[in-house]
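Start at 1 and go down the list; that is how both ligands and their atoms are numbered.
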Amino acid sequence: MSDHEAPEVPNTGGEPGTVAVTVPRGHQAATYRHEPGAETPKLRVSKVFISYLDRAGRATEAVRDVSFDILDKPGIGEIVVFLGPSGCGKSTILKAIAGLLTPTQGEILVEGKPVEDVGRDRGMVFQAYTSFGWLTVRENLEYGLRLQGVPKAERRERSEKYLHSVGLADFADRYPKDLSGGMKQRVAIARTLINRPKILLMDEPFGALDPQTRWGMQSLLLEVSRSEDNTNLFVTHDVSEAVYLADTVYVLSSRPARILHKVDIPAFPVHDVALKSAPEFRAVEKQLLDLLYAPADAHS
Ligand SMILES: Nc1ncnc2c1ncn2[C@@H]1O[C@H](COP(=O)(O)OP(=O)(O)OP(=O)(O)O)[C@@H](O)[C@H]1O
Ligand SMILES: [Mg+2]
């Protein structure tokens, strides 16, 4: 366990009044144990280790022995948030689930089948916005549907819906170069949502957005996930965002990422901006912060 070299990072997280996560170096004790059930989960990540190799053959261990199951709750989407410090391995975990990189060791199964490549059942929104510069905003949204052979009228109907949802209806015929960073990110989000993937992988998707737009996008995500019954794996280092969105939060260690804690978030009856300053919301935020900042041996 001498491999915790994550550099100190500045506190750059999220909305005003929220706290970004930086975790002290040193051994972090875990309370989480993976106990696989008998039924086939929608997603199973089992004993996954991931190391990157550079050209000189030096290894950087990014993910260590990560295991979790996400069951398919019938009828409602589930949002599982991965909360961890910068550089710990969060994006690496999502990329492996997306099929963009192969774990060094371990298995990833979607409905019992090993992930071997990217697939339409999984959609990823990347940390850096990734729109196609040569396509208009609308063409960006419709790109995946076009590949799937969805007829033009239906493509148009669905792109209209998502253009409105992300507040870009007036920009449908513009090119990404004419948009701000936050607007480009909303194109990337809408482009993924429109394909209705069973598993949605979102890597700090709201990092570039101003607070007001960010709240709007968080609400949109809650709405989409409740109505479309997809499973959402969402990475953030913003504690407030985690509590607002999640059904379950996995708290990760600094690099190499291990799951330290699993926290079930209570079902708040109303999700609006006022919730974020409510005492019951603050209490859960504090619980997560306590877990993140706990002294090294507090859980042993
Ligand atoms: N392509 C790569 N080649 C080599 N090392 C990499 C590569 N990508 C990531 N790493 C290393 O793996 C570790 C985990 O990276 P990752 O991008 O998964 O972190 P993260 O938790 O998503 O960080 P952030 O919150 O800053 O986005 C980092 O220390 C990084 O240096
Ligand atoms: Mg990342």
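Under a 4.0 Å heavy-atom criterion, C88 is in contact with ligand 1. Residue contact annotation: K95 has no non-hydrogen atom under 4.0 Å from ligand 1.
Nearest protein heavy-atom contact of atom 2 (C) of ligand 1 is Y52 CD2, 3.4 Å. The closest protein non-hydrogen atom to atom 19 (O) of ligand 1 is G89 N, 3.3 Å. The single protein non-hydrogen atom nearest to atom 26 (O) of ligand 1 is S86 OG, 2.7 Å, given as residue, atom name and distance.
Of all the listed residues (P85, G87, A62, A257), G87 holds the heavy atom that lies closest to atom 24 (P) of ligand 1. Summarising the contacts of atom 17 (O) of ligand 1 with S254, S91, A59, the nearest heavy atom is found in S91.
Remark: R186 does not engage D210 in a salt bridge, criterion side-chain N to carboxylate O under 4.0 Å. Taking the charged nitrogens against the carboxylate oxygens, R158 and E154 do have a contact shorter than 4.0 Å, which makes a salt bridge. Ion pairing between R214 and D238 holds under the 4.0 Å rule for side-chain N and carboxylate O.
Considering backbone and side-chain N/O of H237, none are found under 3.5 Å from N/O of ligand 1. On a distance-only criterion, T92 and ligand 1 share at least one N/O pair closer than 3.5 Å. Inclusion of K90 in the set of residues having an N or O under 3.5 Å from an N or O of ligand 1 is warranted.
S91 places none of its side-chain heavy atoms less than 4.5 Å from the side chain of F126. Residues F268 and V243 are in side-chain contact: their nearest non-hydrogen atoms beyond the backbone lie under 4.5 Å apart. Side-chain contact between D247 and V80 is absent, with no heavy atoms from C-beta onward closer than 4.5 Å.
For E39, the CD atom is loosely surrounded, since the number of other residues' heavy atoms within 6.0 Å does not exceed 12. Within 6.0 Å of atom CD in Q212, 12 or fewer heavy atoms from other residues, nucleotides or ligands are found, so the atom counts as exposed in its surroundings.
Per-atom contact check: atom 31 (O) of ligand 1 does not touch the protein, criterion being a heavy-atom distance below 4.0 Å.
Nearest heavy-atom pair across R138 and R156 is NH1-CD, 3.3 Å.
Near-neighbour remark for the Mg ion (ligand 2): protein N, O or S atoms under 2.8 Å are S91 OG, Q127 OE1; waters not counted.
Those atoms of ligand 1 with a heavy atom of Q127 less than 4.0 angstrom away are 24 (P), 27 (O). Ligand 1 places these atoms under 4.0 Å from at least one heavy atom of E204: 25 (O), 27 (O).
When non-hydrogen atoms are compared, ligand 1 lies under 4.0 Å from the side chain of R255 (C-beta onward) but not from its backbone.
With respect to R191, the side chain to side chain contact (heavy atoms under 4.5 Å, CB included) criterion is satisfied by exactly one of N140, V125, L135: N140.
Atom CZ of R155 sits about 5.5 Å away from atom CD of E142, to the nearest 0.5 Å.
Considering only residues two or more places apart in sequence or on other chains, Y250 meets the ring pair (Phe, Tyr, Trp, His ring centres under 6.0 Å) condition with Y32, F68, F82.
For the residue pair Q218/K276, the side-chain donor-acceptor check at 3.5 Å is satisfied.
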